[in-house]
Amino acid sequence: MQVLETNIDGVLVLEPKVFGDSRGYFLESFNQLVFKKETGLEVNFVQDNESMSAKNVLRGLHFQSPPHDQGKLIRVVQGSVRDIVVDIRKDSATYGKHFSIELDGTAKKMLWVPPGMAHGFASLEDNTIFAYKCTNYYEPSAEGCIMWNDADLNIDWGIEDPIISEKDQNGELFKDFKSPFEF
Ligand SMILES: Cc1cn([C@H]2C[C@H](O)[C@@H](COP(=O)(O)OP(=O)(O)O[C@H]3O[C@H](C)C(=O)[C@H](O)[C@H]3O)O2)c(=O)[nH]c1=O
């Protein structure tokens with residue numbers, strides 16, 4: 001597995017080995033020993049999530065506040081997304097900056113998003129299946145949402161007229177946001 005650093009400290013792109021043959025393909029989507037060897041991180045995932053999205057669906061920007069903060073190991077099983085990670089750790093040199101990457105079910109790149117990030121994605125195809133492992137359980141009372149189209153964050157999601165949940169239409173503006181995360 002190849003591990004690539006990004007413009008945000010702690011956010012990593014992982015490129016798993018994909019074994020293709022005449023039947024199709026095989027890959028290890030997570031191996032704790034390999035993950036620790038290649039990233040130096042000891043992680044304990046407690047919840048796996050999966051969502052399917054039509055083209056132009058946008059989910060985000062979401063986070064859970066401590067002590068319910070979540071690290072996420074993200075992959076796209078089929079379809080493709082533009083994935084966005086925003087650094088919301090106070091005092092971080094990249095506070096308010098974002099990392100953007102296209103993930104798809106063909107190249108099989110994955111993304112490690114540590115706690116302290118707001119996360120979201122835009123689906124670029126119909127029937128996009130998004131799967132991710134979380135280091136902490138879902139806790140609705142700890143959920144936070146920052147507006148996807150916040151002018152200060154100035155994120156290009158790669159789509160027009162996104163399909164958005166009611167919750168995501170009422171997120172916080174970044175200028176009013178009081179981060180619960182220390183760097
Ligand atoms: C996240 C979550 C949701 N739910 C229930 C709550 C709702 O009834 C339904 C849909 O939830 P929501 O609209 O919050 O789903 P997404 O918009 O895909 O949320 C995710 O979007 C971005 C991409 C993220 O990174 C977060 O992990 C997560 O917030 O599933 C659960 O039961 N467990 C969960 O862990």
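Start at 1 with the first residue, then count along the sequence. All ligand and atom numbering here is 1-based and tracks the order in the structure. Just so it is clear, the values below take in all heavy atoms, side chains as well, and ignore hydrogens, waters and symmetry mates.
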request  = Check whether any N or O atom of His62, backbone or side chain, sits under 3.5 Å from an N or O atom of ligand 1, and answer yes or no.
outcome  = yes
key: Sub-4.0 Å protein heavy atom next to atom 21 (O) of ligand 1   = yes
Proximal ligand 1 atoms for Phe121, defined as those under 4.0 Å from one of its heavy atoms = 23 (C)
message = I need the nearest protein heavy-atom contact for atom 25 (O) of ligand 1: residue, atom name and distance, please.
response = His119 ND1, 2.7 Å
remark   = Note: ligand 1 atoms sitting under 4.0 Å from heavy atoms of Asn49 are 35 (O)
inquiry  = Less than 6.0 angstrom separating the ring centers of Phe174 and Tyr95, yes or no?
reply    = yes
query = Do the non-hydrogen side-chain atoms of Ile155 and Leu61 ever get within less than 4.5 Å of each other?
reply = yes
key: Plane angle bin for Phe121 and His119 - parallel if under 30°, tilted between 30 and 60°, otherwise perpendicular   = tilted
task = Please say whether the positively charged group of Lys97, taken as NZ for Lys or CZ for Arg, lies over the ring of Phe99, i.e. under 6.0 angstrom from the six-membered ring centre and within 45 degrees of the axis.
result = no
ask   = Is there a side-chain contact between Phe63 and Val86 (heavy atoms, below 4.5 Å)?
value = no
ask   = Can Gln70 be said to touch ligand 1, with heavy atoms closer than 4.0 Å?
value = no
task = Give the contacting part of Glu143 toward ligand 1: side chain, backbone, both or neither, where contact means a heavy-atom distance below 4.0 Å.
result = side chain
query = Do Thr39 and Trp112 come within less than 4.5 Å of each other through their side chains, counting heavy atoms only?
reply = no
remark   = For Lys72, the atoms of ligand 1 under 4.0 Å from one of its heavy atoms are 24 (C), 25 (O), 26 (C), 27 (O)
message = With a 4.5 Å cut-off on side-chain heavy atoms, are Tyr137 and Glu139 touching?
response = no
query = Looking only at distance, does Arg59 have an N or O less than 3.5 Å from an N or O of ligand 1?
reply = yes
ask   = Arg89 versus Ile8: any side-chain heavy-atom pair under 4.5 Å?
value = yes
message = Give me the residue, atom name and distance of the protein heavy atom closest to atom 12 (P) of ligand 1.
response = Lys167 NZ, 4.0 Å
key: 4.5 Å side-chain heavy-atom contact, Ser100 and Asp83   = no
message = Under 4.0 Å from atom 9 (C) of ligand 1, is there at least one protein heavy atom?
response = no
query = For atom 7 (C) of ligand 1, what is the nearest protein heavy atom, given as residue, atom name and distance?
reply = Tyr138 OH, 4.7 Å
request  = Give a yes/no verdict on whether any heavy atom in Tyr132 is under 4.0 Å from an atom of ligand 1.
outcome  = yes
query = Mind checking whether Gln47 has an N or O less than 3.5 Å away from an N or O of ligand 1?
reply = yes
ask   = In terms of side-chain heavy atoms, does Thr128 have a donor or acceptor partner in Ser123 at a distance below 3.5 Å?
value = yes
message = Under 4.0 Å, counting heavy atoms only: does Gln64 come that close to any atom of ligand 1?
response = no
ask   = Does atom 30 (O) of ligand 1 have any protein heavy atom closer than 4.0 Å?
value = no
